[in-house]
Amino acid sequence: MAHKNKVFPTLDAAVADIPDGASILFGGFGGAGFPNNLIQALARQGAKNLRVISNNCGTGDGELGILFKNRQIRSVIAAFPGPGAKYFQEQFDAGEVELELVPQGILCERMRAYGAGIPAFYSPVGVGTEIARGKEERSFRGKRFILEEALGGDYAFIRAHRADRLGNLVYRKAGRNFNPVMATAAATTIAEVEEIVEVGALDPETIVTPSVFVHRIVQAKGQRFV
Amino acid sequence: MAHKNKVFPTLDAAVADIPDGASILFGGFGGAGFPNNLIQALARQGAKNLRVISNNCGTGDGELGILFKNRQIRSVIAAFPGPGAKYFQEQFDAGEVELELVPQGILCERMRAYGAGIPAFYSPVGVGTEIARGKEERSFRGKRFILEEALGGDYAFIRAHRADRLGNLVYRKAGRNFNPVMATAAATTIAEVEEIVEVGALDPETIVTPSVFVHRIVQAKGQRFV
Amino acid sequence: MNKPRLTREQIAARAALELPDGAYVNLGWGIPNLVASYVPSGITVYFHSENGILGMGPRAKPGEEDFDLVDAMKVPVTVMPGASFFSQVDAHVMTRGGHLDVCILGGLQVSERGDLANWRVPGAKGAGGIGGAMDISVGAPRLIVAMEHNARDGAPKIVKRCTYPLTAVECVHTVITDLAVIDVAPECLVLREVAPGWTPAEVQEQTGARLRHAPSVPTMVLPIG
Amino acid sequence: MNKPRLTREQIAARAALELPDGAYVNLGWGIPNLVASYVPSGITVYFHSENGILGMGPRAKPGEEDFDLVDAMKVPVTVMPGASFFSQVDAHVMTRGGHLDVCILGGLQVSERGDLANWRVPGAKGAGGIGGAMDISVGAPRLIVAMEHNARDGAPKIVKRCTYPLTAVECVHTVITDLAVIDVAPECLVLREVAPGWTPAEVQEQTGARLRHAPSVPTMVLPIG
């Protein structure tokens, strides 16, 4: 989507307009590729009643932890909340936050479908398990599948290694994880990056997320909150 | 999939076992990224009654043209057979070859679904057109969609720029096109490449098709049949 | 009606004025393909090609062609700084997923509710071919059809209902022809501009569906003569 | 039954013998994760991690960790020559699409028809978590479960029907435990090997489902003591 001047001067400016009740996708897996600086900015900004899509639910105060600690999150869709998700687990046990558990690959696939204009697809994953509850089941060629619907959000918070000023992104090693697909599945994708380079500095062959998927870029060098 | 010694010594050896009646996906678009050398080898090999999936149906004797000329193809699934597909058009007009026309993005998506273990998905493309004939229609959130099924094959013939000896592939510019998705959608993927390099010579960040999707590699330098 | 009409280049030039600064744009075959040459100065747009290019530049100069770098019409092109290459799958994530801003396609017929027919003339010989037009039409947040107002035999191409095989239903937002700029509104077609020398009534006469318009309809301002 | 059983390392070492040369392999949490250390010499396998790595090598040495290069358990690892990085989406195209050769997961229960339960103990506190196990189980052309034969309270983990929440149905091909190697055949479980010192009857006694076997069942050959 067309956005002139995608580069934002500060983290706080990049998240300033996020309203209460927004749905937000958060990249990151296993400590790598988390948009930790954007998360901290959102904690400062204070938006509440957030609906969150993320592989996990924080590690102590780190990653999503601070947003749970601040009680900014109302519901979460996740594959693996995680034993380190202290604040989430407390609020979950107290019935204060809703959780939808989704198999990790289906979490990916539902977001990809959203980004690709596909409303729903049949999945072999979770057939015969509690994941299938309430879902339509159907057979193709003698095998059982369940219907899964696309999943997107108002915003995606992602972390990349480098961006050019148009929003083309490259990632670093396993920091890629959920970030590229989330970039395609939100109305507004906000990328924090280690470094912003001039247009033309990235090799067109090696760009992982083309600029069309990125709407805001903000530089956030080397901070790690794990 | 595990295949030791993926590197084949000749084009002819790489296609030697393809039986009559095989279904084959062929990469390439707009003259770029066609596995022309493998196609020529298949013409020499002579397998017949082939079921073919390809964006187009050849340009004169080039690309798939030679296989139509030799009457090796029984049916084809394509997005744009093309005005230059002389032999195909003759045989189509004479009722000698079957055609299923598929919108280009849905051709991509059906192959991606196959490679991703998804048997079917709902698509907004072709709703209300002749593409929708015979297909289930269904609404999601007030919009109309049709059901599209996954599409794969026994073999994929693809063209890449460079391979390492494990089968990791990189492409060149718009030569990428259908090749990466086809690599995921066939039981046996055969890649012809400009150059084979040692394992470790390709940057892990820039590999487009990981080695797991590639089963045979054959070097075919700089031949172009357009 | 033998009054002069816009040339194909003029249609393209008028269509180019619809592009917002910073837009990601796909151009179809025919007149739309000419639009790239008329992007207003001061405006930057990024051209998408469904074979896996974003940031496509002008055609390659003779002698400088790279046949691995072609557009969807097989023409050797160039890329601009900031371009990227990707697969055909990802190219259509962009089209179908609604990530591009504006797509401009050619047309055989457009109906009053915005249906588009642009891939096949009924009864034509041969297999026909769909290409990427259906994916592009369905996904485009803003779809402009740039075409002649009438077929060679004079038949209107803007019609109540398409009689040609459809590309997509209710997808067209604006039609730009050699006679007019017409917007597809929820309940009707709205005549936004007429070609120089043409009146709304004359344009209506060439059109197979009812056009609504304000009491006064501006004349197109064309960047090229 | 207080006879000695295999150690977790021995289970892993036995499981490693199931890997064909050149295989693409995903290893789950727990005992499966130990398998990487026991790949027989002369055999090359390529380890997949669902966070987007193919060709994962050993854990990083202390002081050489790169926290952008971690496995699915968050442990800093290395990569082998020929490795590639990709997205979590593509990582699961590999799992669910059936492109890996062998996956080895831990288990809480395996049923006689090959159902696997491995993600949640009923009544356990907290939200639980599925992770990638469901996608991996469904897609694996060959799924091996490596686990202890009995739970801590002695209850058999190989059962007629799983009572724990399922990960996937009819997905397990082979179970390797501290007592036995058992294949899931179309109509029954087949006892392929027993641990040193154990008889088929003794293994049956520890098992919650009927095991069939040939008149003589070989004893596991273990590469490590």
Undergrad: Just one of A:Val76, A:Ile24, A:Val52, A:Ile73 clears the side-chain contact (heavy atoms from CB on, under 4.5 Å) bar with A:Leu67, so which one?
TA: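 Among A:Val76, A:Ile24, A:Val52, A:Ile73, the one meeting side-chain contact (heavy atoms from CB on, under 4.5 Å) with A:Leu67 is A:Ile73.
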
Undergrad: Output yes when D:Glu65 and D:Arg59 qualify as a salt bridge under the 4.0 Å nitrogen-oxygen rule, no when they do not.
TA: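 Salt bridge between D:Glu65 and D:Arg59, a charged N being under 4.0 Å from a carboxylate O: no.
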
Undergrad: Check whether D:Ala133 gets within reach of chain A through its side chain, its backbone, both or neither, counting any heavy atom under 4.5 Å.
TA: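 Nothing of D:Ala133, per the 4.5 Å heavy-atom cut-off to chain A.
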
Undergrad: For chain D, which of A:Leu99, A:Ile106, A:Val181, A:Val127 has the most heavy-atom pairs under 4.5 Å?
TA: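 Ranked by heavy-atom pairs under 4.5 Å with chain D, first place is A:Ile106.
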
Undergrad: Of D:Val79, D:Leu54, D:Asp68, which meets side-chain contact (heavy atoms from CB on, under 4.5 Å) against D:Phe85?
TA: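 By the side-chain contact (heavy atoms from CB on, under 4.5 Å) criterion, D:Phe85 pairs with just one of D:Val79, D:Leu54, D:Asp68: D:Val79.
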
Undergrad: Among the options D:Val169, D:Asp135, D:Asn51, D:Thr95, pick out the one with the most heavy-atom pairs lying under 4.5 Å from chain A.
TA: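 With the most close heavy-atom pairs to chain A, the winner is D:Asp135.
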
Undergrad: Tell me if a side-chain donor or acceptor on D:Arg5 pairs with a main-chain N or O of D:Leu179 at a distance below 3.5 Å.
TA: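 A pair under 3.5 Å: no.
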
Undergrad: For the interface with chain D, which of A:Gly128, A:Pro103, A:Gly175 has the highest count of heavy-atom pairs at distances below 4.5 Å?
TA: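 Option with the top pair count is A:Pro103.
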
Undergrad: What's the shortest heavy-atom distance between D:Gly107 and D:Leu116, and which atoms?
TA: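 Closest pair (atom of D:Gly107, atom of D:Leu116, distance): CA-CD1, 4.0 Å.
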
Undergrad: For the candidates D:Pro165, D:Gly52, D:Ala91, D:Gly128, which exhibits the highest count of non-hydrogen atom pairs separated by less than 4.5 Å from chain A?
TA: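 Of D:Pro165, D:Gly52, D:Ala91, D:Gly128, D:Gly128 has the most heavy-atom pairs under 4.5 Å with chain A.
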
Undergrad: Which region of D:Ala168, side chain (C-beta onward) or backbone (N, CA, C, O), has a non-hydrogen atom less than 4.5 Å from a non-hydrogen atom of chain A, or is it both or neither?
TA: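 Just the backbone, heavy atoms under 4.5 Å.
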
Undergrad: Could you tell me if the side chain of A:Leu64 sits less than 4.5 Å from the side chain of A:Ile39, heavy atoms only?
TA: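 Sidechains of A:Leu64 and A:Ile39: in contact.
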
Undergrad: Under 4.5 Å from any heavy atom of chain A, what part of D:Asp90 do you find: side chain, backbone, both or neither?
TA: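 Answer is neither: D:Asp90 stays 4.5 Å or more from chain A.
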
Undergrad: If we define contacts as heavy-atom pairs under 4.5 Å, which of A:Met111, A:Arg112, A:Arg172, A:Gln89 has the most with chain D?
TA: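 Of the candidates given, the most pairs with chain D belong to A:Arg172.
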
Undergrad: Check whether D:Ser49 gets within reach of chain A through its side chain, its backbone, both or neither, counting any heavy atom under 4.5 Å.
TA: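 Neither part; nothing is under 4.5 Å.
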
Undergrad: Check this for me: does any side-chain nitrogen of one of D:Glu193 and D:Arg14 sit under 4.0 Å from a carboxylate oxygen of the other?
TA: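 Here D:Glu193 pairs with D:Arg14 in a salt bridge, since their nearest N and O are under 4.0 Å apart.
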
Undergrad: Knowing that exactly one of A:Arg110, A:Arg51, A:Arg133 qualifies, which makes a salt bridge (charged side-chain N to carboxylate O under 4.0 Å, His left out) with A:Glu100?
TA: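 Between A:Glu100 and the candidates, salt bridge (charged side-chain N to carboxylate O under 4.0 Å, His left out) is satisfied uniquely by A:Arg110.
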
Undergrad: So for A:Asp93, is it side chain, backbone, both, or neither that comes closer than 4.5 Å to the heavy atoms of chain D?
TA: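 Only the side chain of A:Asp93 comes within 4.5 Å of chain D.
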
Undergrad: Among the options A:Tyr171, A:Phe88, A:Phe80, pick out the one with the most heavy-atom pairs lying under 4.5 Å from chain D.
TA: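 Of A:Tyr171, A:Phe88, A:Phe80, A:Phe80 has the most heavy-atom pairs under 4.5 Å with chain D.
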
Undergrad: Among A:Asn179, A:Val208, A:Ile131, A:Val102, which residue has the highest count of heavy-atom pairs closer than 4.5 Å to chain D?
TA: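 Greatest number of close heavy-atom pairs with chain D: A:Ile131.
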
Undergrad: In terms of heavy-atom proximity below 4.5 Å to chain A, should D:Glu50 be classed as side chain, backbone, both, or neither?
TA: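 Contact with chain A involves both backbone and side-chain atoms of D:Glu50.
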
Undergrad: Looking at every heavy atom in both A:Ala43 and A:Asn70, which two are closest together, and how far apart are they?
TA: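 Heavy atoms of A:Ala43 and A:Asn70 come nearest at CB-ND2, 3.6 Å.
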
Undergrad: Given heavy-atom pairs under 4.5 angstrom as the criterion, report whether the side chain, backbone, both or neither of A:Phe92 touches chain D.
TA: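 The side chain, not the backbone.
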
